[in-house]
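Scroll down for the structure; my scribbles are underneath it.
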Amino acid sequence: MNPSEIAVRPSVTRHGRFLAAIVIDSIGSGVFIPVSMLYFLATTSLTLVQVGAALTTAGLLALPAGPLTGGLVDRYGAKPVLQAANLAQAAGFAGYLFVGQPWQIALCAWLNSAGRAVFFGCYGVTVTALAEPGRREHWFGLLGSVRNLGYAAGGLLASVAVGVGTRGMYTAIVAVNALSYVAAFALMRTVPNARPDAHHDTAGGWRRVLRDRRFLPVVAHQLCFAVSLFVLNVAIPVYAVDVLGLPGWTAGAVFTLNTLMVGFGQGFVVGRLGGRVRSRVLVTGHACFAAGYLLFLAAGHVAALALAIAALLCGAGLYTFGEILGGPLTSTIAAESAPDALRGRYLALNQLAVTLAGTAAPLALSGLLSAGPAAIWLTLVGVSALGATLALTIGRTVPAARGLIGKA
């Protein structure tokens with residue numbers, strides 16, 4: 001452990017600017033993501049297919065950004081790389097103000113997608129450096145709550161923008177978003193740079209990371225957990241409205257429930273888990289995911305509309321509790337399983353699992369959903385069972401996973 005890391009103790013007062021940068025980032029994402037397609041359709045003459053193809057291409061081209069980030073973080077530290085990501089996203093959003101062709105959207109979207117990948121590649125390294133051992137779950141939980149509330153605030157602003165629906169309103173959102181990343185860049189100037197000591201052993205580089213047989217199951221577990229996280233955005237709204245035929249407000253109610261539970265409950269729950277074995281809590285989280293999926297399936301087998309809605313919302317509550325339990329712990333275990341000198345590469349590999357899950361989720365989940373409710377929800381129960389098995393595995397082999405929550 002780098003002594004400078006231990007000396008830097010995270011407090012809301014001392015690191016308020018870092019928290020502010022996270023809030024700005026999450027509000028900006030929450031505002032733009034829901035209206036991204038609408039923005040391009042309102043401000044260009046392109047078709048929905050052209051815009052979708054451009055955004056998909058940008059996402060695929062941005063995939064290497066995460067792994068490349070790992071080496072840069074290990075060499076230069078997390079802060080300058082994270083600030084470069086802020087500037088890339090500021091340039092990407094500024095570019096959106098002038099795009100008119102698919103390749104222009106793809107280029108600007110690539111800057112934004114790559115910037116997001118770089119941001120999350122630096123995020124865990126920065127938090128690990130700011131938080132002393134024994135407090136990292138609490139900080140990942142706090143920042144997860146802050147980000148979720150920021151997304152919610154952004155979503156409310158996005159709904160206002162859609163209600164107004166003018167080109168000027170959409171343009172204003174993009175312009176303010178570009179400026180927000182400049183503000184985040186400035187706020188990050190006072191954040192300590194998470195950089196390993198020069199004498200730390202970096203020999204082996206990526207080869208050493210990929211040959212770490214204890215860490216690869218951590219990445220596999222992260223992949224299973226991430227698949228479940230994307231169910232909320234991809235599968236649940238379509239299932240509720242199109243498959244079950246429930247009122248449209250139920251999809252919004254699920255998002256609201258998830259946001260409120262994570263935003264206001266994650267820090268509280270993590271604080272009540274002190275002294276419990278991390279891997280066992282992860283197993284409980286996967287069990288909550290699985291129980292939620294079974295309730296979603298049951299919602300399609302009840303005749304009464306009120307019971308179907310109740311089953312859906314109860315399932316969403318259990319699903320969200322799984323997210324609350326597992327989110328801070330997966331981040332903490334990955335961060336503490338990495339040696340200081342190669343933490344950037346280790347966490348970049350872990351983040352790649354999340355990126356791959358997000359890339360594959362729309363196609364995979366929509367395909368399963370088209371095959372029927374049993375196909376998607378029982379498959380996801382299987383994913384949760386695999387995640388629980390991997391949690392037990394790393395609990396036996398990875399010291400960070402068998403450690404106690406809140407204990408150094």
* **Ring-face cation contact, Y170 with R167, 6.0 Å cut, 45° max** => no
* Asked: S145 side chain to V262 main-chain N or O, any donor-acceptor pair under 3.5 Å?
  -> yes
* Considering all heavy atoms, the nearest I376-L369 contact -> CG2-CD1, 3.8 Å
* To do: Applying side chain to side chain donor-acceptor pair (under 3.5 Å), run through N112 and Q89 and close with a yes or a no.
  => CA-CA 5 Å; N112 287 324; Q89 290 174 280; 5.1 Å; no
* Asked: Is there a donor-acceptor pair under 3.5 Å between the side chain of Q104 and the backbone N or O of G100?
  -> yes
* Asked: Hey, are the side chains of M261 and L257 touching, using non-hydrogen atoms and a 4.5 Å cut-off?
  -> yes
* Do K79 and C122 come close enough that some side-chain heavy atom pair is under 4.5 Å? -> no
* Donor-acceptor contact below 3.5 Å, side chain T250 vs main chain P247 -> yes
* Asked: Counting only N and O atoms by type, is there a donor-acceptor contact under 3.5 Å from the side chain of R276 to the main-chain atoms of V281?
  -> no
* With distance as the sole test, does D74 use its side chain to make a donor-acceptor pair with the main-chain N or O of R345 at under 3.5 Å? -> yes
* To do: Could you label the plane-to-plane angle of the H286 and F225 rings as parallel, tilted or perpendicular, counting under 30° as parallel and over 60° as perpendicular?
  => perpendicular
* Structure fact -> In short, H138 meets G271 closest at the heavy-atom pair CE1-CA, 3.7 Å
* With Y319 as reference, evaluate F289, F230, W377 under the ring pair (Phe, Tyr, Trp, His ring centres under 6.0 Å) test and give the passing residue. => F289
* Any donor-acceptor pair under 3.5 Å from R343 side chain to V125 backbone -> no
* Asked: How many angstroms lie between CZ in R207 and CG in D212, if you round to the nearest 0.5 Å?
  -> 15.0 Å
* Over all heavy atoms of both residues, which pair between Q266 and G141 is shortest? Give the atoms and the distance, please. => OE1-O, 3.2 Å
* So L179 and F93, side chain to side chain contact (heavy atoms under 4.5 Å, CB included) or not? Walk me through it. -> CA-CA 9 Å; L179 292 175; F93 277 103; over 6 Å; no
* To do: Give, for atom OG1 of T389 and atom CD1 of I394, the distance between the pair rounded to the nearest 0.5 Å.
  => 11.5 Å
* Asked: How about Y293 and S228: does a side-chain donor come under 3.5 Å of a side-chain acceptor?
  -> yes
* Structure fact -> Of all heavy-atom pairs linking H221 and G387, the shortest is CD2-O, 3.2 Å
* Kindly indicate, with the supporting measurements, whether the criterion side chain to side chain contact (heavy atoms under 4.5 Å, CB included) is fulfilled by L294 and V381. => CA-CA 8 Å; L294 291 175; V381 168; 4.0 Å; yes
* Can you find a heavy atom in the side chain of P373 that is under 4.5 Å from one in the side chain of Y239? -> yes
* Asked: Judged by atom type as modelled, is there a donor-acceptor pair below 3.5 Å linking the side chain of S113 to the main-chain atoms of W110?
  -> no
* Structure fact -> Here the gap from L260 atom CG to L149 atom CG, rounded to the nearest 0.5 Å, amounts to 8.0 Å
* To do: Quick one: do L223 and V219 satisfy side chain to side chain contact (heavy atoms under 4.5 Å, CB included)? Show the steps, please.
  => CA-CA 6 Å; L223 180 62; V219 178; 5.9 Å; no
* Asked: At what distance, to the nearest 0.5 angstrom, does CD of Q222 lie from CG of L356?
  -> 11.5 Å
* Asked: Relative to the ring of Y123, is the ring of F120 parallel (under 30°), tilted (30 to 60°) or perpendicular (over 60°)?
  -> perpendicular
* Asked: Below 4.5 Å, heavy atoms only, C-beta onward: do L282 and I333 meet side chain to side chain?
  -> yes
* Asked: Taking C-beta and beyond as the side chain, do F255 and P237 meet within less than 4.5 Å on heavy atoms?
  -> yes
* Just by modelled atom types, is the Y96 backbone N or O under 3.5 Å from a matching donor or acceptor in the Y39 side chain? -> yes
* Is the backbone of T320 close enough, under 3.5 Å, to the side chain of N258 for a donor and an acceptor to pair up by distance? -> no
* To do: Please assess L82 against V118 for the test side chain to side chain contact (heavy atoms under 4.5 Å, CB included), listing each intermediate value before the final yes or no.
  => CA-CA 7 Å; L82 196 154; V118 172; over 6 Å; no
* To do: Could you tell me which non-hydrogen atom of V283 sits nearest to which non-hydrogen atom of A388, and how far apart they are?
  => CG2-O, 3.7 Å
* Asked: Under 4.5 Å between any side-chain heavy atoms of C224 and L390, yes or no?
  -> yes
* If you count the non-hydrogen atoms of other residues, nucleotides and ligands that lie under 6.0 Å from CZ in R402, is the total more than 12? -> yes
* To do: Give a yes or no answer on whether the side chain of S331 reaches the backbone of P328 with a donor-acceptor pair at less than 3.5 Å.
  => no
* Are L380 and V227 side-chain neighbours, meaning at least one heavy-atom pair lies under 4.5 Å? -> yes
* Nearest 0.5 Å, what's the CG-CZ distance between L325 and R280? -> 15.0 Å
* Salt bridge check: are R278 and E336 linked by an N-O gap of less than 4.0 Å? -> yes
* **4.5 Å side-chain heavy-atom contact, L312 and L295** => no
